[in-house]
Amino acid sequence: MRISLLALAAAATLGSSIAHAETAAYAIDPTHTFVTFEINHFGAAVNRGRFDKKEGSVQFDRAGKAGKVEISFDATSINTGTPSFDKHLQSADLFNAAQHPKISFVSDKFVFNGDKVTEVTGQLTLLGKTAPVTFKANQFNCYQSPMLKREVCGGDFEATIDRTQWGMNYGIDWGFAKNVRLIAQIEAVKQ
């Protein structure tokens, strides 16, 4: 009888903790979501650009300290502010946007410190190749948007990748940098 009562109490506790953990769906807000890339140009300057067309979703379980993210960027939407440079970046030399128009990041591992997301680890697909990438959270927060009247979660994340891992080798022989810094500003609205 005592074992049955303990088992019942344990099941009730487990059931109540499962009931409190709830995964919520969020849609990427394209007006507050950007991925910017930076690459050193012969030590003289830093070339920067971003992708203007993006879409994605986030699943977030704050209580369960878990999450998933799927976000994609249109390689034809590269914007550096210089149209001729954009065309070269879209060419087969670099992003090969005609053959690989979609760049995507998929993650199902969020790392937390307390209630704050500190890292998001996933798979980056670029030029048809997929490899692991970890984005460090420089900041992360969820808030009740006074304009949307819904919860919004987001943050600023960064990672440095070796572009040659995806076969983007243009200019390496001339001394162009291999490492590219990615800065992801992401906000997503609870659905």
Lys178 side, atom NZ; Ile39 side, atom CD1 - distance, nearest 0.5 Å
11.5 Å

Between Glu187 and Tyr143, is the side chain to side chain contact (heavy atoms under 4.5 Å, CB included) condition met? List the steps.
CA-CA 10 Å; Glu187 290 195 25; Tyr143 65 95; 2.9 Å; yes

Run Asn96 and Leu127 through side chain to side chain contact (heavy atoms under 4.5 Å, CB included) and show every step you take.
CA-CA 7 Å; Asn96 198 0; Leu127 294 172; 3.8 Å; yes

To the nearest 0.5 Å, tell me how far Asp93 CG sits from Asn169 CG.
11.0 Å

Other residues, nucleotides, ligands: >12 heavy atoms within 6.0 Å of Gln144 CD
yes

Quick check: closest heavy atoms across Val189 and Gln191, and the distance to 0.1 Å?
O-NE2, 2.8 Å

Quick one about Asp52 and Asn79 (side-chain donor to acceptor, distance below 3.5 Å, no hydrogens or angles considered), yes or no?
yes

Cys142 SG to Tyr26 OH distance, which is reported to the nearest 0.5 Å
5.0 Å

Mind running ring-ring contact (aromatic ring centres under 6.0 Å, His included) on Phe95 and His88 for me, showing each step along the way?
CA-CA 9 Å; Phe95 285 95; His88 186 231; over 10 Å; no

Any salt bridge (charged side-chain N to carboxylate O under 4.0 Å, His left out) involving residues 136-152? Give me the pairs, sequence neighbours left out, ordered by first then second residue.
Arg62-Glu151

Phe140 ring centre to Lys116 NZ or CZ under 6.0 Å, with the angle to the axis within 45°?
no

Separation between NZ of Lys54 and OG1 of Thr33, rounded to the nearest 0.5 Å:
7.0 Å

Check the orientation of Phe42 and Phe176. Use parallel for under 30°, tilted for 30 to 60°, and perpendicular for over 60°.
perpendicular

Do the side chains of Phe51 and Ile78 get nearer than 4.5 Å, heavy atoms only?
yes

Taking Ser77 for its side chain and Lys53 for its backbone only, find out whether a donor-acceptor pair lies under 3.5 Å.
yes

Can you confirm whether Ile28 sits close enough to Ile186 that some side-chain heavy atom of one is under 4.5 Å from a side-chain heavy atom of the other?
yes

For residues Val117 and Val111, determine if any side-chain heavy atom of one lies less than 4.5 Å from a side-chain heavy atom of the other.
no

Look at atom NZ of Lys68 and say whether more than 12 heavy atoms of other residues, nucleotides or ligands are closer to it than 6.0 Å.
no

Which one of Arg50, Arg181, Arg163 satisfies the salt bridge (charged side-chain N to carboxylate O under 4.0 Å, His left out) criterion with Glu38?
Arg181

Please evaluate residues Ile172 and Thr164 with respect to the criterion side chain to side chain contact (heavy atoms under 4.5 Å, CB included), reporting the C-alpha separation (whole Å), side-chain torsions for both, the decisive distance (0.1 Å), and the verdict.
CA-CA 9 Å; Ile172 296 296; Thr164 62; 3.9 Å; yes

Say whether, by atom type as modelled, one donor and one acceptor occur between the side chain of Trp166 and the main chain of Gly128 under 3.5 angstrom.
no

CG (Asn113) with more than 12 external heavy atoms under 6.0 Å:
no

Residue pair Phe105 / Phe73, side-chain heavy-atom distance below 4.5 Å:
no

Is the number of heavy atoms from other residues, nucleotides or ligands under 6.0 Å of Gln123 CD greater than 12?
yes

Just by modelled atom types, is the Thr121 backbone N or O under 3.5 Å from a matching donor or acceptor in the Ser107 side chain?
yes

Can you confirm whether the side chains of Asp86 and Thr80 place a donor and an acceptor under 3.5 Å from each other?
yes

A side-chain contact here means heavy atoms from C-beta on lying under 4.5 Å apart; do Val120 and Phe157 qualify?
yes

Where Phe112 and Ala66 come nearest, the two heavy atoms and their spacing:
CE1-N, 3.6 Å

Interatomic distance, CD@Gln139 vs CD@Gln185, rounded to 0.5 Å, equals 9.0 Å

Tightest non-hydrogen contact, residues Gly81 and Pro83, listed as O-CD, 3.8 Å

How far does CD1 of Ile103 sit from CZ of Phe37, to the nearest 0.5 angstrom?
8.5 Å

Would you kindly confirm whether Leu126 and Phe34 end up in one hydrophobic cluster when ILVMFWY residues are joined by side chain heavy atoms under 4.5 Å apart?
no

Taking Phe110 as the starting point, is it possible to reach Leu182 by hopping between hydrophobic residues whose side chains are less than 4.5 Å apart?
yes

Would you say the side chain of Ile161 lies within less than 4.5 Å of the side chain of Leu124, judging by non-hydrogen atoms?
yes

Please tell me if the side chains of Leu94 and Met168 come closer than 4.5 Å, counting only heavy atoms from C-beta onward.
yes

Are the side chains of Phe85 and Gln90 in contact, using a 4.5 Å heavy-atom criterion?
no

Please report the shortest heavy-atom distance between Ala177 and Asn40, naming the atom on each side.
CB-O, 3.7 Å

